[in-house]
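A short write-up of the structure that comes next.
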Amino acid sequence: METWNLPTFKTEEELETYMSEPTARVVEEFREHPGDLAILGIGGKIGITLGMMAARARDAAGTQSRILGVSRFSDKAARARLEQAGVECLTCDLLDRNAVERLPDAPRVVFMAGRKFGTSGSEETTWAMNTVVPAYVAERYRSSRIVAFSTGCVYDFVTPYSGGSAESDPPRPVGDYAQSALGRERVFQHFAVAEGTRVCILRLNYAIDPRYGVLHDIARKVASGEPVDLSVENFNCIWQGDVLERTLLSFRLAASPAFVLNLTGPETASVRRTAAEFGRLLGKEPVFRGSGEGGRAYLNDAGLSFRLFGYPRVPLAEMIRMQADWIASGGASLGKPTHFETTDGTY
Ligand SMILES: NC(=O)c1ccc[n+]([C@@H]2O[C@H](COP(=O)([O-])OP(=O)(O)OC[C@H]3O[C@@H](n4cnc5c(N)ncnc54)[C@H](OP(=O)(O)O)[C@@H]3O)[C@@H](O)[C@H]2O)c1
């Protein structure tokens, strides 16, 4: 397996171009399966680069597949970037059942719409988004293969000594967001059994893009002299380019009953040590506050994904270096903190 050293990104365009470059095996996947692909909830942090990678893989495979990007497109610039990349964008509120019914057919569907932040105080909207919308989508695309994003938050908090939660561990979601995310899984699992829909559920733990994510949040705090919260002392993460690749390769895993896969990197990262490394790279002394209760955190064992796809290409130390460079050179931030330090499931 090739390990990547990331280049120094000077612009967001350079970053997205690099991140969305399809690997040979993704191009091969598109050659073997030249049908249309719909990405539902494409307008967010992962979807835009996923759409770009899919369009580039389609072009490199020399097929005519349509790459359909479905979102409300609250961010108009995102739509323009996707269209320029060769993604056909369709505006749709997925909470509108009739609009979902009218979406074009596609033999392959990635479902990535969801709601986390803002749950506290409007829990019902989060439940609707995370459980009702999956029902509309699973019904509409019952004959398709569906890769559905979920989260490592469906598990309980565990200590690093546990080795991380594995797919065979029973989910124990804490709080409305995590509970409704498990609801999303259960709805897709229901359709996989009742309708024979082939489904793969990806329990992702923290994608890394220098514009957002756990590393971004820690690095920005160190750079600005704000205290780094140690309520959660450890985390797992994975380079977003690896997430995109694994997502597009996961259609082959879609099955009835649904196949569940943890998606994260191999390292158990320490918040304290990561902050210290950012301090060294940025020439700042990190400040800390709080302390974890027994070292419990959302930690996932993604060993099965490594067996299926190999290890992710980008090691943690390389992501840390790249993140420090991005912050030091004034790189953009999406302004969307992960709140990874949250321990009570309230978002
Ligand atoms: N990023 C991570 O590290 C991470 C970690 C764990 C799990 N996940 C899961 O992975 C999935 C994708 O992550 P992400 O970070 O890209 O999420 P995200 O930034 O929240 O993107 C999801 C997008 O879905 C669209 N959407 C929301 N409601 C919609 C609606 N009613 N109709 C149509 N589109 C709607 C939104 O775009 P518009 O405003 O354009 O509609 C939103 O930006 C999520 O389901 C999340 O739970 C992500």
Side-chain angles (χ1 to χ4, degrees), residues 19 38-52 68-82 87 89-100 103 110-119 122 125-134 136-137 140 146-155 173 177-185 187-188 201-217 235-244 246-247 250 261-265 298-300 302 319 334-340 342 347:
M19 187 183 275
I39 303 174
L40 311 185
I42 199 170
K45 302 184 292 296
I46 302 176
I48 296 166
T49 46
L50 182 69
M52 290 174 174
L68 303 161
V70 178
S71 240
R72 295 163 306 179
F73 293 108
S74 353
D75 175 5
K76 302 277 172 277
R79 181 183 186 128
R81 266 157 47 229
L82 282 165
V87 175
C89 291
L90 306 170
T91 302
C92 171
D93 183 345
L94 296 166
L95 279 162
D96 178 346
R97 186 181 202 156
N98 296 326
V100 172
L103 289 173
V110 179
F111 180 77
M112 51 197 333
R115 188 167 192 271
K116 179 176 185 180
F117 302 112
T119 294
S122 53
T125 312
T126 295
W127 278 92
M129 198 52 225
N130 292 347
T131 63
V132 176
V133 168
Y136 295 165
V137 166
R140 168 66 187 87
I146 301 177
V147 172
F149 272 86
S150 181
T151 164
C153 300
V154 297
Y155 297 112
Y177 162 65
Q179 288 161 4
S180 67
L182 180 62
R184 166 170 61 184
E185 291 192 9
V187 169
F188 279 116
I201 291 168
L202 299 176
R203 290 179 178 161
L204 173 62
N205 247 356
Y206 302 129
I208 296 300
D209 172 316
R211 297 167 295 182
Y212 84 97
V214 192
L215 295 182
H216 163 276
D217 294 356
F235 63 95
N236 300 130
C237 63
I238 176 170
W239 168 241
Q240 187 158 300
D242 283 315
V243 174
L244 308 180
R246 278 147 211 259
T247 302
S250 289
L261 189 66
N262 286 348
L263 191 55
T264 192
Y298 285 128
L299 295 171
N300 285 6
M319 287 188 264
L334 298 183
K336 294 180 178 173
T338 56
H339 298 291
F340 73 92
T342 302
Y347 296 98

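Computation of the quantities below employed the complete heavy-atom set of this structure, encompassing side-chain atoms and omitting hydrogens, waters and symmetry-equivalent molecules. This one's a predicted model, so the numbers in the text were calculated from it and none came from an experiment. Counting starts at 1 for both ligands and their atoms, following the listed order.
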So, the side chain of [X] versus the backbone of [Y]: is there a donor-acceptor pair under 3.5 Å, distance only?
| X | Y | answer |
| --- | --- | --- |
| N130 | R115 | yes |
| N236 | N300 | yes |
| E185 | R203 | no |
| D93 | L95 | yes |
| R140 | L103 | yes |
| T264 | N205 | yes |

Which residue and non-hydrogen atom of the protein lie closest to atom 1 (N) of ligand 1, and at what distance in Å?
-> Y212 OH, 3.1 Å

of all protein heavy atoms, closest to atom 43 (O) of ligand 1 is G44 CA, 3.1 Å

Numbering the atoms of ligand 1 from 1, which are under 4.0 Å from a heavy atom of [X]?
| X | result |
| --- | --- |
| Y206 | 3 (O), 5 (C) |
| D93 | 30 (C), 31 (N), 32 (N) |
| F73 | 38 (P), 40 (O), 41 (O) |
| A207 | 2 (C), 3 (O) |
| S74 | 38 (P), 39 (O), 40 (O) |
| M129 | 28 (N), 29 (C), 30 (C), 31 (N) |
| M112 | 11 (C), 12 (C), 22 (C), 44 (C), 45 (O) |
| F149 | 10 (O), 11 (C) |

Evaluating non-hydrogen atoms only, which member of L204, V243, L50 is closest to atom 48 (C) of ligand 1?
-> L204

So which of K45, K116, R203, R79 gets nearest to atom 20 (O) of ligand 1, if we judge by its closest heavy atom?
-> K45

Mind checking whether [X] and [Y] have side chains closer than 4.5 Å, heavy atoms only?
| X | Y | value |
| --- | --- | --- |
| L204 | I238 | yes |
| L50 | I42 | no |
| R81 | M52 | yes |

How does [X] reach ligand 1, if at all, at less than 4.0 Å between non-hydrogen atoms: by side chain, backbone, both, or neither?
| X | value |
| --- | --- |
| R184 | side chain |
| S150 | backbone |
| C92 | backbone |

Looking just at side-chain N and O atoms, do D217 and T338 make a donor-acceptor pair shorter than 3.5 Å?
-> yes

Check: R79/S71 side-chain N/O donor and acceptor closer than 3.5 Å | no

Would you say ligand 1 has an N or O under 3.5 Å from any N or O of [X]?
| X | result |
| --- | --- |
| R72 | yes |
| I46 | yes |
| L94 | yes |

Measure from NZ or CZ of K116 to the centre of the six-membered ring of Y347, then state whether that distance is under 6.0 Å and the direction lies within 45° of the axis.
-> yes

Contact between ligand 1 and [X] is defined here as a heavy atom of the residue under 4.0 Å from a ligand atom; is it met?
| X | value |
| --- | --- |
| Y177 | yes |
| F111 | no |
| K336 | no |

Matching residue for F111 among F149, Y136, F188 - test: ring pair (Phe, Tyr, Trp, His ring centres under 6.0 Å) = F188

